[in-house]
Amino acid sequence: MNLASFKNLHPWKISNEEAKELQKKLAGELKFTVLGKLPRLIAGVDSSFIQSGEEEYIITVIVVLSFPELEMVEKKFLTNKVSFPYVPTLLTFREGPSFIKTWKRLNHEPEIVFFDGQGIAHPRQLGMAAHLGLWIDRPTIGVAKSKLFGIEEQTPVKKGEWHPLLHPEDRHVIGATVCTKETSAPLYISQGNYITLEDSIRLVLSCVNKQRLPEPTRLAHLLTEKVKKEKKTLDLQDSEE
DNA sequence: GCGACAG
DNA sequence: ATCTTGTCGC
């Protein structure tokens, strides 16, 4: 059983100010390289939460799909207690610890990972996908359903159409709004680590079927809902599959 | 001071 | 993210 590798870069339980300083420092370590060859395994990550009295639990799901077939190769989930609250721009500190624990249990090594959140389209250029891309040291993409940071000057309306997301200060490109389904709101795509924006958009689009979300993200989300439903029916004990 | 604000 | 019924559209 090969466990997915990662680098333990820093502790997670730090103050908000320390977290922001850490983001500024880590952002300088990102690499935006062109993808060498197409991946054979792509992972999708998603989390959901359960409130139980004073305690809050996070259910993190990672699904691994074959590419380009997009068939399920592995599913893994963990339930953990969470203490870090949701703070805009510090999402990684809330979901990161649980992601890493789940990642360690994977029996496959995905070559690319899709996260539900931003890549570098973040005030300090280190959204969750970029941050965790440094931890797992491989290509990652931010697939967000809404905007956190940036200026959009046009809305894509045809499937496959996209427009750059610009930095508010110098207007350089930090991501893109991508139409993955007509009549649906666009997705906010931005590169995480070891990938370019163009490759990110290309990969996300090649993982889209008939729905708005690309399969890795969509299937991880469905599983997260399923696990939560079963969890609520029983009790709240740490568990795994 | 005011609005924005991933999940 | 979560709380929530029916309802409109592909």
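Chain letters run A, B, ... following the sequence lines, proteins first and then strands; every chain starts at 1.
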When the distance from [atom1] of [X] to [atom2] of [N] is rounded to whole Å, what number comes out?
X: M128(A); N: dC5(B); atom1: CE; atom2: C1'; answer: 15 Å
X: F149(A); N: dA4(B); atom1: CZ; atom2: P; answer: 16 Å
X: Y57(A); N: dA1(C); atom1: OH; atom2: C1'; answer: 18 Å
X: I189(A); N: dA6(B); atom1: CD1; atom2: C1'; answer: 12 Å
X: Q51(A); N: dA1(C); atom1: CD; atom2: P; answer: 16 Å
X: K229(A); N: dA1(C); atom1: NZ; atom2: C1'; answer: 17 Å
X: L148(A); N: dA6(B); atom1: CG; atom2: P; answer: 6 Å
X: L132(A); N: dG7(B); atom1: CG; atom2: P; answer: 15 Å

field: Residue pair S15(A) / E18(A), side-chain donor-acceptor N/O under 3.5 Å
entry: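 Indeed, the side chains of S15(A) and E18(A) share at least one donor-acceptor pair under 3.5 Å.
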message: Could you check whether N193(A) and T140(A), counting side-chain N and O atoms only, form a donor-acceptor pair closer than 3.5 Å?
response: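 On atom types as modelled, these side chains do not qualify, holding no pair under 3.5 Å.
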Categorize [X] for me: base, sugar-phosphate, or nothing, with a 4.0 angstrom heavy-atom threshold over every strand shown.
X: K147(A); value: sugar-phosphate
X: L90(A); value: base
X: H131(A); value: nothing
X: T183(A); value: nothing
X: Y86(A); value: base

- request: Compare the minimum distances between each of dG7(B), dC5(B), dA6(B) and the side chain of D116(A), then state the nucleotide with the smallest one.
  value: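 The answer is dG7(B).
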State whether [X] places a side-chain N or O below 4.0 Å from either non-bridging phosphate oxygen (OP1 or OP2) of [N].
X: K145(A); N: dG7(B); result: yes
X: K228(A); N: dT2(C); result: yes
X: S146(A); N: dG7(B); result: yes

task: With rounding to the nearest 0.5 Å, note down the distance linking CZ in F99(A) to CD1 in I58(A).
output: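 Those atoms lie 11.5 Å apart.
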task: Find out if a path of hydrophobic residues (ILVMFWY) with successive side-chain heavy-atom gaps under 4.5 Å connects L187(A) to V173(A).
output: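 L187(A) and V173(A): one cluster.
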query: Does K181(A) or F49(A) map to a spot on DNA chain C nearer the 5' end, using the closest nucleotide for each?
result: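 Looking at the nearest nucleotide for each, F49(A) comes out on the 5' side.
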- prompt: Between E56(A) and R94(A), does at least one N-O distance fall below 4.0 Å, as a salt bridge requires?
  reply: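 Yes, E56(A) and R94(A) are salt-bridged.
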